[in-house]
Amino acid sequence: MTYLDHAATTPVRPEVLAAMLPYFTEHFGNPSSVHRVGLAAAEGVSKARRTLGDLVGLPPSAVVFTAGGTEADVLALRGIFSRGSARPRSLVVSAVEHPAVLESARALEALGVETRIAGVDRDGRVDPQAVTELIDTTTALVSVMHVNNETGAVQPIEDIARHAKGKNGRVLVHVDAVQSFGRYPVTFTRWKDVDLVSIAGHKIYGPKGVGALFVRPGTHLDPLVTGGGQEAGLRSGTHNVPGIVGLAEAARLLCATADEDLARYEELARHFLEGLARRVPDAALNGAPGDRGKRAPWIVNVRIPGAPSEPLLHALEEAGVMASAGSACHAKDASLSHVLAAMGLTSASGACLRFSFGRSTTMEELDTALDALAAVLPRLRAASARAS
Amino acid sequence: MSHVEIAPRLAPYDAIVVRYSEIFLKGENRRLFEDVLARNVQRALLSAGDTGLRVRRHHARLVVEPAGTIAESRLEDALAAVLSVFGVSSASLVVKVPKDLEQIAALGAGVLVRAARDGKARTFKVVGRRSDKHFPHGTFEINDVVGHAARLASGLAVDVRDPDISLVAEIGPELSFVSAHSARGPSGLPVGVSGNVTLLLSGGIDSPVAGWLCQKRGCRLNAVYFHAFPYTGDGSKQKVLELARQLGRAQGGMRVTVIPFAEFQEACRAAVHPRFLVVLYRRAMARLAARVAASEDAAAIATGENLGQVASQTIPNLAVIEQAIDLPVLRPLLTYDKNEIIQAARRIGTFETSILPYDDCCSLFAPRHPATRVLAADVLELEGRVREYDALLEAAFANREIVDLED
């Protein structure tokens, strides 16, 4: 099997699993208990909090554990806006955000929050100037993702945040870094004007069902999940101790090799695109070409004219190659994803396939995938041509 | 016996009496049909998780009772299982009684009070039956004594013509009980008595309902699913298997034959005008289904086809489809409106699965304007144009996958 869908999810690393296992059995305690069984579990959570805080340059108290990336995004948005207000309020997001952000923004409209959407260019990138233009005195939050999950487009986070605060000093900035964390540097020392960052365990070779929202000290949020007051009242519910331990260990391991991993992804992307151009000359890349910093090299989204997306994916699957059309969350929609549509593509553009690489991906695997693609394509193009 | 005061006595239900209707019509087959029904009821109880209940025949009814005593909630679960069995017209929770008129009246009043607790009923009547001729009181006296106690206890009025509740008091040589409860079953015939049928099952709304209706008339189903991979993904196949699993509950599981169909479809696309594709596909599906039927000892195939639901479903087209095979084609939904089919799908519980978002027919192969009248003579000529027609069907059949779903 050739798994080229790491942007959908990654396998748990054996070292991460090993770090988690004692917290299922030996240290099974509730971190909120005062006895030593609880304290052993609490120590695991504290250590994870320190590890993550150190990685992003914040104190441990700035780490809020959640049940995943979506919950972290929703906590950021609703946490800012859930308290009612008589004054007009607005939120600025990009057109290519994850549904966790876009749907939360839609839900906030019921609370009277106006959502303003910044478009993207043909490469799927947001212009910081366009974001700034949407900000006024009513704007409380700007939310822009770091690396797009469908295309790999990298947003100029530092510029966006700096311009946003230049326009309105009270604006808070949230970044969904679910795809980039552990691959690109994600730190609050570098992102001086960013206040909130979301990450998820299962995208970084950690477990599913756990994530974190980093909250710059001094940023006030209201909780989404209320109850026993865990996570300084921001996220009640007994801690997912093994998950939290796994998240931190996965983050620690991945951040340690981020530079060398990135160099490898660049090589892999180059190899893949060259191989694709040889085998399918009319295929095209969705997004910025290999310019360093504009597109994350571990995500390659390509357009293949004259072929249907979903049958192509199934045919690749039959050949043992797992890829994706857009993001897995809505690969079942026949329509084009909102991300590709925002870049000006139409469903007539052909099949859009996303190949996303991981630490285990090899050049040979890419050749296998490209050979499979070249092998199945004529059949599907023939069926597609006769249908039109 | 004079009208002494008899206080009502509330006792838990301790058996289920199961009734069936049409089996009476079956003359010499009646015994066989009753056996099949008893077996199906037993199986339904087992798959609902109950092994402590036995089923026995009792005067043209079945009685479900525990070997010892069981909690009433378990008996209520068993009732739900019984009411899902085709051939069951109704079933009642009953309280067994000793052969003592005073106690029968007390327990009878008790079940009536219980049945009337929701406050909806205003009237009742007593239906006394005495098949044990050693019981010293006649039917009239049973009705009189039980009715008096029940009326005083419940406050309901007696209406012998059209009562809200019938309070049954039955005294038989082997079983005596009182009951004021009755729930409707699906009726129909026990699955199995009409033989085996091969159902063309897709992931849509219609074909599961067609299968359910065949089961209701006693057919035991096996299913065939035409899988157009890679044009439809394995998600569609999983959905079809889930639907088959749901239908299989009425018959202790189901066999599904999955036949790869994409290569045949591609060959048709290459050979004929898109407007003829639907009829060509459906004739090929009928042929392949007939081969499955032969190996499954089925005497007919069944489809979810309907008259006029889509443009290709015309009488001439349905005729030319069934001419492809010798077996009868059962089309239980032929005259249903779409909303009637949806209502039925909701009732039988397949609707939620059917609407899961997996395309069961890739739009690449569904022409926008199908022919509404393909003639028998023309269709043979069209099939002749499809390169390797017989070999493709042969290969599709040879590459079939058989999935046996357990209950």
Side-chain angles (χ1 to χ4, degrees), chain A residues 1-5 8 99 304-338 346-354 369 371-388, chain B residues 203-204 225-240 242 258 260-278 280-281 352-370 382 385-388 392 395-396 399 401:
Chain A
M1 201 246 311
T2 304
Y3 183 79
L4 296 177
D5 205 11
I304 296 168
S309 289
E310 208 178 310
L312 194 48
L313 275 183
H314 293 316
L316 285 173
E317 172 198 342
E318 197 179 27
V321 177
M322 309 300 148
S324 159
S327 74
C329 298
H330 49 150
K332 279 157 202 141
D333 279 7
S335 58
L336 199 66
S337 83
H338 70 284
T346 66
S347 49
S349 315
C352 289
L353 301 187
R354 179 186 72 182
D371 287 344
L373 178 62
V376 301
L377 199 52
R379 174 187 180 190
L380 294 174
R381 277 185 161 163
S384 192
R386 283 192 298 272
S388 54
Chain B
Y225 166 59
F226 296 94
H227 192 30
F229 194 91
Y231 302 100
T232 52
D234 281 341
S236 303
K237 183 167 116 187
Q238 293 308 323
K239 176 168 122 174
V240 169
E242 177 53 34
V258 180
F261 205 54
E263 286 181 28
F264 174 77
Q265 288 180 302
E266 287 168 346
C268 291
R269 281 212 66 90
V272 306
H273 192 278
R275 52 197 244 102
F276 299 117
L277 285 173
V278 174
L280 255 61
Y281 296 160
E352 297 304 323
T353 307
S354 288
I355 59 169
L356 290 174
Y358 300 101
D359 285 340
D360 66 316
C361 176
C362 179
S363 55
L364 278 183
F365 293 103
R368 227 163 276 155
H369 301 292
L382 290 167
R385 283 194 227 161
V386 179
R387 209 160 45 85
E388 313 261 9
L392 282 169
N399 291 323
E401 176 197 358

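Below, chain A is the first sequence line, B the second, and so on; all start at residue 1.
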Tell me, please, which residues at least two apart from B:Glu388 pass salt bridge (charged side-chain N to carboxylate O under 4.0 Å, His left out).
none
A:Glu310 side, atom CD; B:Thr232 side, atom OG1 - distance, nearest 0.5 Å:
9.0 Å
Any A:Glu318 side-chain heavy atom under 4.5 Å of B:Phe229 side chain
yes
Does A:His314 reach the main-chain N or O of B:Tyr231 with its side chain, forming a donor-acceptor pair under 3.5 Å?
no
Do B:Pro230 and A:Arg379 come within less than 4.5 Å of each other through their side chains, counting heavy atoms only?
yes
Is the count of non-hydrogen atoms from other residues, nucleotides or ligands lying under 6.0 Å from B:Glu263 atom CD greater than 12?
no
Can you give me the closest heavy-atom contact between B:Arg269 and A:Ala383, atom names plus distance?
NE-O, 4.2 Å
Might you confirm whether atom CZ of B:Arg387 has over 12 heavy atoms from other residues, nucleotides or ligands at distances under 6.0 Å?
no
